[in-house]
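Small disclaimer: the values here were computed from a predicted structure and weren't measured. Residues take their numbers from the sequence shown, with the count starting at 1. Only this structure's heavy atoms are used, side chains among them; waters, hydrogens and symmetry mates stay out.
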Amino acid sequence: MLRQQDVGHRIVVRRIVGIREGRPLFSDALGELVELSETHLTIATAQGRLRVPVAEVHRAKRVPPTRRPTASAVVELELAADEAWPAPVRGQLGDWLLRSADGWTGRANSALPVGDPDRPLPAAVDAIERWYAGHRQPAMVNTPLPLAVPVGVELDARGWTARPLTLVQTVPLTTLLSDPHRTSPEGGPTLDGAGRDGDDPPVVLDPAPSEEWLAVAAGRKGGLPDSARHILTAVARVRFARVYADGVLVATGRGTVTGQGRWLGLSLIEVAPSARRQGLAARVIRALAAWGAAEGATHAFLQVEQRNTGAVALYRKLGFTTHHTYLTRVAPPT
């Protein structure tokens, strides 16, 4: 039977879907295990999420992945993502990173266990708990899967919980910029085509966020402490996208170039409810992609919760695929 350490891995489940002539009828499902509780398991399949009652499971087991990135590729991307979202307070355990930012976002307030912690695993987790206690914060760890499965096993034994699964998705910039309506970004901050089509309002890219842009980010993330401003702006190569319609800010986004110039990181892609389903999010992403390509980046990445099905569907249409996943683990209250 499955265990918590199987979360984030590819599994096959044979479940009972009915009875015919006194015999059970079975159906098989293949996908990534994203949640496991005492009563249900949830699988991300090619057809979508499937929630299966444990009582209906006849057999379930882990199966080999289709094509997993190498450990070094996961580490490279995780470090590029950390560089793109830099916590103002940092520490280290060997290669592991400790990050704190007044509680603003899980990524900036969690340990990143990639590489060698330079001590036995239980001692490393003890040190994480002490470090966050010293900063008067709950201890959290981002566990890239399956790279950090051993860490997850240790956290399971200590009663740590898990937040919803996050997908780390990537796409070549050539794919993002294959839109036939795109034109050259040369000639100023307005990116036509990648940011404009016909009479649509332009996507404008700024090197620093306006107060109105920051207000949108604050509304999405529940406030904006000083540490948040540091995270957003303390990157050497960064752009803040904005789209106005009739004088109203209707779409925003943020792009960074990190990872030795290879990776364009996309974050805080936001469209006002009144302006959704008009292609604005895709235009913001393509505008940032054009800027990233001009900076020498070759690939884009973003991080999105798997349960955010609308965003996942949009990114799939743009060509994004899941590179790896991670769980944010939270220590039990003391």
State whether a side-chain donor-acceptor pair under 3.5 Å links Ser72 with Thr70. yes
Side chains of Ser210 and Arg242: donor-acceptor distance under 3.5 Å anywhere? no
Any side-chain heavy-atom pair of Pro207 and Val238 under 4.5 Å: no
Determine, for Arg329 against Asp156, whether the closest basic-nitrogen to carboxylate-oxygen distance falls under 4.0 angstrom. yes
Residues Glu76 and Arg262 bridged, charged N to O under 4.0 Å: yes
Thinking salt bridges, do Asp206 and Arg239 make one under a 4.0 Å N-O criterion? no
Rounding to 0.5 Å, atoms CG (Leu173) and OG1 (Thr170) come to a distance of 10.5 Å
State whether Glu129 and Arg158 are salt-bridged, where the test is any N-O pair (Lys NZ or Arg NE/NH1/NH2 against Asp/Glu carboxylate O) under 4.0 Å. yes
Drop me the distance from Arg119's CZ to Leu93's CG, to the nearest 0.5 angstrom. 4.5 Å
Could you list the residues that satisfy ring-ring contact (aromatic ring centres under 6.0 Å, His included) with Phe26, not counting sequence neighbours? His58
More than 12 heavy atoms from other groups under 6.0 Å of CD on Glu295: yes
Between Asp95 (side chain) and Gly115 (backbone), is there a donor-acceptor pair under 3.5 Å? no
Would you tell me whether Ser267 and Trp85 have side-chain atoms, one donor and one acceptor, within less than 3.5 Å of each other? no
Please determine whether side-chain contact (heavy atoms from CB on, under 4.5 Å) holds for the pair Leu165 and Glu35, giving the CA-CA distance in whole Å, both sets of side-chain angles, and the decisive distance to 0.1 Å. CA-CA 8 Å; Leu165 188 75; Glu35 185 179 14; over 6 Å; no
Just checking Arg220: does its CZ atom have more than 12 heavy atoms from other residues, nucleotides or ligands closer to it than 6.0 angstrom? yes
Polar side-chain atom of Thr233 near backbone of Arg229 as donor-acceptor pair, under 3.5 Å: yes
For the pair Asp116 (side chain) and Asp118 (backbone), establish whether a donor and an acceptor sit closer than 3.5 Å, ignoring hydrogens and angles. yes
Side-chain donor-acceptor contacts of residues 297-304 below 3.5 Å, not counting sequence neighbours, with atom names and distances?
from, atom 1, to, atom 2, distance (Å)
Gln303, OE1, Arg107, NE, 3.4
Gln303, OE1, Arg107, NH1, 2.6

Would a line drawn from the ring center of Trp131 to the ring center of Trp96 be shorter than 6.0 Å? no
Before accepting this row, confirm whether a basic side-chain N of the pair Arg307/Glu305 lies closer than 4.0 Å to the acidic partner's carboxylate O. yes
Check step by step if side-chain contact (heavy atoms from CB on, under 4.5 Å) holds for Thr166 and Asn142. CA-CA 10 Å; Thr166 296; Asn142 271 14; over 6 Å; no
For Asp226, I'd like to know if atom CG has over 12 heavy atoms of other residues, nucleotides or ligands within 6.0 Å. no
Go through Leu41 and Leu2 one step at a time and tell me if the side-chain contact (heavy atoms from CB on, under 4.5 Å) criterion holds. CA-CA 9 Å; Leu41 59 87; Leu2 300 172; 4.0 Å; yes
Is Glu270 salt-bridged to Arg276, going by a charged N under 4.0 Å from an acidic O? yes
Residues Leu50, Thr42; criterion side-chain contact (heavy atoms from CB on, under 4.5 Å); working and verdict: CA-CA 6 Å; Leu50 178 65; Thr42 303; over 6 Å; no
State which residues pass side chain to side chain donor-acceptor pair (under 3.5 Å) with Asp28; sequence neighbours excluded, sorted by chain then number. Arg14
